[in-house]
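The chain is numbered in sequence order, starting from 1.
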Amino acid sequence: MKAVSKILTLVSITLILSACVQVTPEVKKSSNQLAISSVRDLPNTYPKDSLFNLSPKYVKETSLKAEQTQAIYQLYTNAISQDLELNGYKVAQTSQQAAFHIGFGIALSDDFTDDNINEKFGVSPGLPDQAGLKKGSFLVYVEDAATGQRVWRGIAQGFAHEELSTQERELRTQVIVASVMKQFYQTN
């Protein structure tokens with residue numbers, strides 16, 4: 001009887017211990033990965049119908065041609081304006097009217113490394129590099145027009161898709177912008 005009791009105890013302990021082991025599923029790396037992070041710096045909020053303006057920021061030296069940079073910034077300018085308007089905000093006609101400014105920049109990791117992002121922007125989602133793919137970052141912040149202080153910062157990192165058509169590029173840009181700005185709206 002004692003032997004059976006010991007065997008049952010041993011089997012029970014083995015089953016309990018094996019039940020405690022968790023196997024983390026392997027995360028499949030994909031060129032469509034998007035890592036997003038944001039931080040609220042001040043408690044300022046902006047009601048619907050508040051006016052905003054855009055202030056693009058450019059990396060001093062870029063591996064892209066000037067035309068490519070301009071085309072990408074135009075896509076993001078359109079997507080940011082459209083997303084803010086869909087969420088109840090309005091484009092200011094002059095900077096004096098704006099309640100807040102939206103600053104933003106786009107850069108490949110070859111031109112603006114994660115270390116630079118951490119040092120100058122203070123927020124990084126930390127998407128790991130992937131062999132054969134170019135990692136890019138979309139950085140955006142909200143600055144209060146009256147005080148000049150940053151209210152919120154957000155960043156998305158993903159991989160550049162040079163093979164996309166113009167329509168696919170526009171759609172991907174809209175998804176990226178909406179995904180990041182969603183975090184601003186949730187805390188506003």
Determine whether a donor-acceptor pair (N or O, by modelled atom type, separation under 3.5 Å) exists between the side chain of R169 and the backbone of E162. yes

Quick one: do V151 and M181 end up in the same hydrophobic cluster if we chain Ile, Leu, Val, Met, Phe, Trp and Tyr together by side-chain heavy atoms under 4.5 Å apart? yes

To the nearest 0.5 angstrom, please state how far the CD1 atom of I176 sits from the CD1 atom of I80. 11.0 Å

Could you tell me the separation between the OG atom of S63 and the CG atom of L108, rounded to the nearest 0.5 Å? 5.0 Å

With sequence neighbours left out, write down each residue that passes side-chain contact (heavy atoms from CB on, under 4.5 Å) with S50, or none if nothing qualifies. Y46, P47, Y89, A99, F100

Do L133 and L127 sit in one hydrophobic cluster, given that two such residues count as connected whenever their side-chain heavy atoms are within less than 4.5 Å of each other, even indirectly? yes

Is it true that R153 and D41 make a salt bridge, defined as a side-chain N closer than 4.0 Å to a carboxylate O? yes

Quick check: closest heavy atoms across S38 and Q183, and the distance to 0.1 Å? OG-OE1, 2.5 Å

Which value, rounded to the nearest 0.5 Å, describes the distance between N44 atom CG and D144 atom CG? 5.0 Å

What pairs with E143 under side chain to side chain donor-acceptor pair (under 3.5 Å), at least two apart in sequence or on another chain? none

Which distance, rounded to the nearest 0.5 Å, do you find between the CG of L171 and the CG of L75? 11.5 Å

Counting only N and O atoms by type, is there a donor-acceptor contact under 3.5 Å from the side chain of D83 to the main-chain atoms of A79? no

Test item: R150 side-chain N/O and W152 main-chain N/O as donor-acceptor pair under 3.5 Å: no

With hydrophobic residues grouped by side-chain heavy-atom distances under 4.5 Å, do F184 and I106 end up in a single group? yes

Flag yes if more than 12 heavy atoms outside Q167 fall under 6.0 Å of its CD atom; otherwise flag no. no

Same apolar cluster (I L V M F W Y, side chains within < 4.5 Å links), L86/I102: no

Connected to Y141, directly or through other members, by ILVMFWY side-chain contacts below 4.5 Å are V39, V59, F112, I117, F121, V123, L139, I155

Closest non-hydrogen atoms of G158 and R172, given as atom of the first, atom of the second and distance, are CA-NH2, 4.5 Å

So how far is it from L51 CG to L84 CG, rounded to the nearest 0.5 Å? 11.5 Å

Reported NZ-to-CG distance for the pair K48 and N87, which is rounded to 0.5 angstrom: 5.5 Å

Minimum-distance pair of heavy atoms, taken over all atoms of A35 and P125: O-CG, 3.5 Å

If you look only at pairs with a residue in residues 65-77, which of them pass as a side chain to side chain donor-acceptor pair (under 3.5 Å), with sequence neighbours excluded? Q74-N78

Which residues satisfy the side chain to side chain donor-acceptor pair (under 3.5 Å) test with E163, sequence neighbours excluded? H161

Contact list for residues 114-128, test side chain to side chain donor-acceptor pair (under 3.5 Å), sequence neighbours left out: T113-N116, D114-K135, D114-Q157

Are any side-chain N or O atoms of K134 and backbone N or O atoms of S109, one a donor and one an acceptor, separated by less than 3.5 Å? no

Over all atoms of both residues, closest heavy-atom pair of P43 and R40: C-NH1, 4.4 Å

For the hydrophobic clusters of this structure (ILVMFWY residues joined by side-chain heavy atoms under 4.5 Å, transitively), does one cluster hold both L34 and V177? yes

Search all heavy atoms of K182 against all heavy atoms of S179 and return the closest pair with its distance. CB-O, 3.6 Å

